[in-house]
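This report refers to the structure that appears directly beneath it.
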Amino acid sequence: MDKVFISGNDTFGESAIRAGCRCYFGYPITPQNELGEYMAAHMRNAGGVFIQSESELAAINMTIGASCTGSRVMTSSSSPGISLKQEGISFLAALELPAVIVNVMRGGPGLGNIAPSQGDYFQSTRGGGHGDYRTPVFAPGTIQEIADLTFHAFEVADKYRTPVLLLGDGMMGQTKEPVVFPEPLNLKEMPEKEWALKGRGKGKSRYMASLILDPVEEERHNWKLVRKYKEIEKNEVMYEEYMTDDADIVVVAYGTVARIAKGAIKRVRTEGIKAGLLRPITLWPFPKDILVDLASRIKKFIVFEMSTGQMVEDVQLAIGNKAHIAFHGRPGGVVPTPAEFARYINREISQK
Amino acid sequence: MNLKNKWPEYYKKDVISHYCPGCGHGIAHRLVSEVLEDLDIGGKAVLVNPAGCAVLAYLYFDFDVLESAHGRGTAMATGIKRANPDLFVISYQGDGDLAAIGTAETIHSANRGENITVIFINNAVYGMTGGQMAPTTLLGQKTTTSVAGRNPAFEGYPLHITDLLATLPGVVYAERTALDGPAGIVKTKKAITNAFQSQIDGLGYSIIEILSPCPTNWKKSPVDSFKWIKEEMTKEFPVGVLTDKRKKYKEEKIAV
Ligand SMILES: Cc1ncc(C[n+]2csc(CCOP(=O)(O)OP(=O)(O)O)c2C)c(N)n1
Ligand code: SF4
């Protein structure tokens, strides 16, 4: 397929349709409105369902309804709307229903602003809603990667019967780049979902319920979910290493920030500083093993985030005191510059 | 007379009900199952059950059921019906579920004219959580959170949500009935039949509000509960058809 010049928000939509998504439910919120608008323009032509819901609560619950029939479903929002969806995401996890949820993050807390941010890392990687569960979280770094990971997210959601989060930010939603899309899936060739509710016909009736009144049974269900999460941790970790081979210092950053960090690394390399980058692509499961590996030979790490410091806690958990870990963050919607990052790398290198 | 007690095909046998003696939920369940069988649509049916006393409805219904988050039944029903229009979709909800926490979903699914049917159990209290005030609690009615009786100065007025819904073009059929004795039960079955048939005909949203006894939280015997519905509840919530646009929509071929 040829390259098309397309924005991040539109790319989420186009890739979802190509992945066989035939139901989209969403409520407008900046900076992801173009995604809903893209679905409004294209979903019905693709033979699918588009509903502008009355709220994010309604959208996530429509998502649950459509998912239980076996349909591939997407909903999207930005930070405050994702907070509203959390009860439903917890239900999806409990009911073991697949769905893809896009969060184009903006500055917060509260209404915050509409500028790019990474303030929802904790919410995304720790479950987010109530109860003991996790959701796989993919954090694309380019618009091409939005196309690839959106496609992949539907596969992972179906494979493990779990809600999956795609985490972007306001900058990524608006940026346009050349993209080569994956070939569309043929719906007729997709495997039948045996578990879906299709009416009992002449057979046995079925139900899906997350109510498990007996604590011992609920505990069993919890451990069953954990076994699934362990499988996901084993199989689904994704990351990118950039110039780490000879590095004396490794930057850890994801999404938009990783991109800016690459600029900073190129800059300091011209000054003779050997810096590299580890870019987690899955935020949960977090790429712990590679960090442990890197920490066995590299003694300085610096974590950059557009937050007051959230992913840095996962880096600390992975590396412990095997290496020195510094942090620099710009929360609230401020986008840092490569020059700013370069200064921080410089400072860390010059410190003993 | 040859009376036969035939067990409905879409109601499970050999399960012990958790509903209190005299509760209306069991009666409403049975009616829903019977009408599904009468109209031969149980095999395609998916019911969304609420958070509320009917949270365990999936243990009794012998057709497919999805349990919902409190109040979100019609959003889930929308998702099911839109994703697979061949399914026959019912949202079964209490008054707290439908007219308090789920009001937005209730109104907007109706306003979109979703081709689904809502079975709305109005028992004027929150049954499951122990008898708190509901949006439909009567003026003067004592509950655990309107201890001196519902006073409009503090608690506002009983919400006539089905009357509101009946004003919407998307709502093809709305009727209020009362489980206040054998005649009321027969009328309720007829109303459910009309609503289900509207969905089969693709005419849009239908809702049956059923005034339903909760002897436990009303602190009345089952017999007195029937009486209270007949004498008190129907004064505030008169039974009858609230809107019937079936003929008009059939002629205009407003099929969804
Ligand atoms: C988000 C949320 N809030 C509160 C509850 C607790 N809750 C469960 S059922 C219910 C009220 C049920 O009352 P109603 O809808 O009238 O149904 P009934 O039990 O009377 O049949 C409440 C408040 C919940 N499950 N979820
Ligand atoms: S509390 Fe009321 S509504 Fe709930 S089961 Fe008992 S009688 Fe029925």
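Each chain gets a letter, A, B and so on, in the order the sequences are listed, and its residues count up from 1. The structure presented is a predicted model; accordingly, all values stated were derived computationally and were not measured.
Remark: B:D40 CG is loosely packed, at most 12 non-hydrogen atoms of other residues, nucleotides or ligands lying under 6.0 Å away. The environment of A:W195 atom CH2 is dense: over 12 non-hydrogen atoms of other residues, nucleotides or ligands sit within 6.0 angstrom. Heavy atoms from other residues, nucleotides or ligands lying under 6.0 Å from OH of A:Y229 number more than 12. For A:F122, the CZ atom is densely surrounded, since the number of other residues' heavy atoms within 6.0 Å is greater than 12.
Using a 4.5 Å cut-off on side-chain heavy atoms (C-beta onward), B:E67 and A:F91 make contact.
With a 4.5 Å cut-off on non-hydrogen atoms, B:S68 touches chain A through its backbone but not through its side chain. For chain A, the nearby part of B:F61 is the backbone; its heavy atoms alone come within less than 4.5 Å. In this structure, chain A has a heavy atom under 4.5 Å from the side chain of B:L87, while its backbone stays farther away. Heavy-atom distances place no part of B:I107 under 4.5 Å from chain A, backbone and side chain included. For A:S71, the part lying near chain B is the side chain, with the backbone staying farther off; criterion is any non-hydrogen pair under 4.5 Å. For B:A69, the parts lying under 4.5 angstrom from a heavy atom of chain A are both the backbone and the side chain. Proximity to chain B (any heavy atom under 4.5 Å) is shown, for A:I60, by neither the backbone nor the side chain. For chain B, no part of A:R22 is nearby; none of its heavy atoms comes within less than 4.5 Å.
Heavy-atom minimum distance, A:T69 versus B:A83: OG1-CB, 3.4 Å. Residues B:R82 and A:F50 share a closest heavy-atom pair of NH1-O, 4.4 Å.
Options A:S53, A:G203, A:G201 differ in how many heavy-atom pairs under 4.5 Å they form with chain B, and the most are formed by A:G201. Note: A:V49 leads A:V49, A:L95, A:L213 in heavy-atom pairs under 4.5 Å with chain B. When A:A58, A:G65, A:C23, A:A66 are compared by the number of non-hydrogen pairs under 4.5 Å with chain B, A:G65 comes out ahead.
Although no hydrogens or angles enter the test, the distance criterion places no donor-acceptor pair under 3.5 Å between the side chain of B:R72 and the main chain of A:L57. A donor-acceptor pair is defined here as one N or O able to donate and one able to accept, closer than 3.5 Å; such a pair exists between the side chain of B:D64 and the backbone of A:R206.
The line from CD1 of B:I80 to CE of A:M62 is 12.0 Å long, rounded to the nearest 0.5 Å.
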message: What verdict does the side-chain contact (heavy atoms from CB on, under 4.5 Å) test give for A:L211 and B:Y58, after you've listed the backbone C-alpha separation in whole Å, the side-chain angles of each residue and the deciding distance to 0.1 Å?
response: CA-CA 11 Å; A:L211 183 81; B:Y58 55 80; 3.7 Å; yes
task: Begin with the C-alpha distance, continue with both residues' side-chain angles, and end with the deciding distance and a verdict on side-chain contact (heavy atoms from CB on, under 4.5 Å) for B:K12 and A:S205.
output: CA-CA 10 Å; B:K12 282 179 194 150; A:S205 64; 3.9 Å; yes
